[in-house]
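Here is the structure we will look at.
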Number of protein chains: 2
Amino acid sequence: MATAIELLDAAGEHGLTFRALATKLATGPGTLYWHVANKSELLAAATDAVLMDILNGERSDESPEDTVRSAALSIFNAIDAHPWVGPQLSRNSWQSPTMLHVFELIGQQLQRAGVPSDAQFACVTALVTFILGAGNQNALNARVHTGSSTRTEMLDAVAHEWEELDQADYPFMHDMVQTMRDHDDEEQFLAGIDMILAGAGITKATAAKRGKRVKNQK
Amino acid sequence: MATAIELLDAAGEHGLTFRALATKLATGPGTLYWHVANKSELLAAATDAVLMDILNGERSDESPEDTVRSAALSIFNAIDAHPWVGPQLSRNSWQSPTMLHVFELIGQQLQRAGVPSDAQFACVTALVTFILGAGNQNALNARVHTGSSTRTEMLDAVAHEWEELDQADYPFMHDMVQTMRDHDDEEQFLAGIDMILAGAGITKATAAKRGKRVKNQK
DNA sequence: ACCTGAACACCGTTCAAGT
DNA sequence: ACCTGAACACCGTTCAAGT
């Protein structure tokens, strides 16, 4: 299992090969089928192993929003570090033990924050969808521009393409070029989480309890 | 190109094979490489073909939020109908002409709705991430439980699994079982979009002007 | 300029045969 | 009970050779 994760981290999902794994374990490819039914089971097991570690480290002694934010960020970063887990988690988000754990974790915080019960489901769903979606996006972006290009080179390439768009047809994209170049991925991600939380009625009100006086300030 | 889309719709991304496409076109596999560089270029072209059709049909004579909602839903449904486009769109969302079109479309509406300029980028990003994430999720869910099972059978299976979780460890999941069983995918999706819009400061105010559209009859 | 199809270097998976 | 590795049915991609 551990060496499977090594292979995955080294060369992505198609870097994990029954033959490669077998030779690395000094055995034959057929052997592996005695311990695992097929490749997707192998991937599922590897994914759970990687993510459970991270989730067990999560605390919930902060405010509900901060707990959600921190859990979300952990998952986001885990997908960034192990890009192959993203699609795997999405594949059966409602069945895998790992994702059930995530649902429960976030759900409890929403309840604590007083989200009305008929809105809770929509809210967890939206959050989980966003977390996995953003994670995947991020992981894919990193992998697509793999031409040994640094992050700034990559952003330059995108900026260049946006600038070449017709001004008349794409005024908005032209406005965004600078912002895009300056953006920070984590910050961007957390802004998205905050929007969903705000939309669910979780304002910074709870933060006021912890000392920030912003209760009724729009 | 058209027959490539046929193959993709029929059997997903790995249903499109150079050999299968070649025989369907009554030619050899090598021939295709004269017209297309590789498989990913083929997929990109197919994706653009499918989505551009849909986007060109979009209007923007409604309120900003409704325009965003309707565009979002169109994309969501397109991914549902052609599950293979989802990952493809995510792969280079900042480069593909199709996605630039989407960014521009949504961005313009946000500007129209008065979202402050320093929040616009975060907001489009969040919306696009959510749309693609939800679409992919939805498409994957449909494909995973492919055992000729109807939607209700599928939901039953998930419900059953949630009920088997330990009550003490998973109180939230137990609360959600019924809601999950009754949920509607589109409604759920739009609720997510609305949360992000609300979080960006686009409330239902504009909708009130038009006399309250009825969306949730249960 | 465009087509052909054999060939190369891979896959996941199976299975008779071993220990 | 567990391992072995040849074999099967596939892939994407290339390339000398044709028209």
Side-chain angles (χ1 to χ4, degrees), chain A residues 1-50 82-92 95-96 139-140 143-147, chain B residues 1-50 82-92 96 139-140 143-148:
Chain A
M1 195 74 269
T3 69
I5 295 180
E6 267 179 49
L7 280 172
L8 285 164
D9 282 341
E13 176 163 340
H14 75 268
L16 176 61
T17 283
F18 276 84
R19 275 168 249 259
L21 184 56
T23 55
K24 212 158 191 191
L25 291 172
T27 178
T31 307
L32 303 170
Y33 280 88
W34 183 262
H35 301 93
V36 94
N38 48 41
K39 185 166 182 177
S40 97
E41 192 178 302
L42 188 64
L43 273 167
T47 303
D48 280 353
V50 163
H82 313 278
W84 46 275
V85 304
Q88 196 55 38
L89 288 174
S90 304
R91 211 171 301 280
N92 38 8
Q95 308 259 328
S96 91
L140 285 175
R143 245 36 57 171
V144 160
H145 281 278
T146 186
Chain B
M1 195 74 269
T3 70
I5 295 179
E6 268 179 49
L7 280 172
L8 285 164
D9 283 340
E13 177 163 340
H14 75 268
L16 176 62
T17 282
F18 276 86
R19 276 168 248 260
L21 183 56
T23 55
K24 212 159 190 191
L25 292 171
T27 178
T31 307
L32 302 170
Y33 280 86
W34 183 262
H35 300 93
V36 94
N38 48 38
K39 186 165 182 179
S40 96
E41 192 178 304
L42 189 64
L43 273 167
T47 302
D48 280 353
V50 162
H82 313 279
W84 46 274
V85 304
Q88 197 54 39
L89 288 174
S90 304
R91 210 170 301 280
N92 38 8
S96 92
L140 285 176
R143 242 40 56 170
V144 161
H145 282 276
T146 186
S148 79

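Note: hydrogens, waters and symmetry copies are ignored here, and every other heavy atom, side chains too, is used. Order of the sequence lines sets the chain letters (A, B, ...), proteins ahead of strands, with each chain counted from 1.
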So which heavy atom on I5(B) is nearest to which on A49(B), and how close?
->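 Result for this residue pair: CD1-CB, 4.2 Å.
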
Shortest non-hydrogen contact between K39(A) and L16(A), atoms and distance |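 So the minimum-distance heavy-atom pair works out to NZ-O, 2.8 Å.
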
Interatomic distance, [X] [atom1] vs [N] [atom2] [rounded to whole Å]:
{"X": "E13(B)", "N": "dC11(D)", "atom1": "CD", "atom2": "P", "value": "14 Å"}
{"X": "E41(B)", "N": "dG12(D)", "atom1": "CD", "atom2": "P", "value": "15 Å"}
{"X": "F18(B)", "N": "dC10(C)", "atom1": "CZ", "atom2": "C1'", "value": "16 Å"}
{"X": "K39(B)", "N": "dT13(D)", "atom1": "NZ", "atom2": "P", "value": "8 Å"}
{"X": "W34(A)", "N": "dG18(C)", "atom1": "CH2", "atom2": "P", "value": "17 Å"}
{"X": "R19(B)", "N": "dT14(D)", "atom1": "CZ", "atom2": "C1'", "value": "12 Å"}
{"X": "L25(B)", "N": "dC2(C)", "atom1": "CG", "atom2": "P", "value": "16 Å"}

Determine the Euclidean distance between corresponding P atoms of dA17(C) and dC2(D); express it in Å to zero decimal places.
->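 Nearest-Å result for dC2(D) against dA17(C) at atom P: 22 Å.
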
Walk me through it: do F18(B) and V36(B) pass the test side-chain contact (heavy atoms from CB on, under 4.5 Å)?
-> CA-CA 11 Å; F18(B) 276 86; V36(B) 94; 4.3 Å; yes

Using a heavy-atom cut-off of under 4.0 Å over every strand shown, decide if L16(A) touches base, sugar-phosphate, or nothing.
->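 The residue L16(A) makes sugar-phosphate contact but no base contact.
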
For H35(A), answer base if it contacts any base atom (sugar-phosphate contacts may also be present), sugar-phosphate if it contacts only those atoms, and nothing otherwise; contact means non-hydrogen atoms under 4.0 Å.
->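 Since only primed, P, OP1 and OP2 atoms lie under 4.0 Å of H35(A), the category is sugar-phosphate.
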
Among L42(B), N38(B), L21(B), which one satisfies side chain to side chain contact (heavy atoms under 4.5 Å, CB included) with L32(B)?
->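 Output: one option passes, namely L21(B).
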
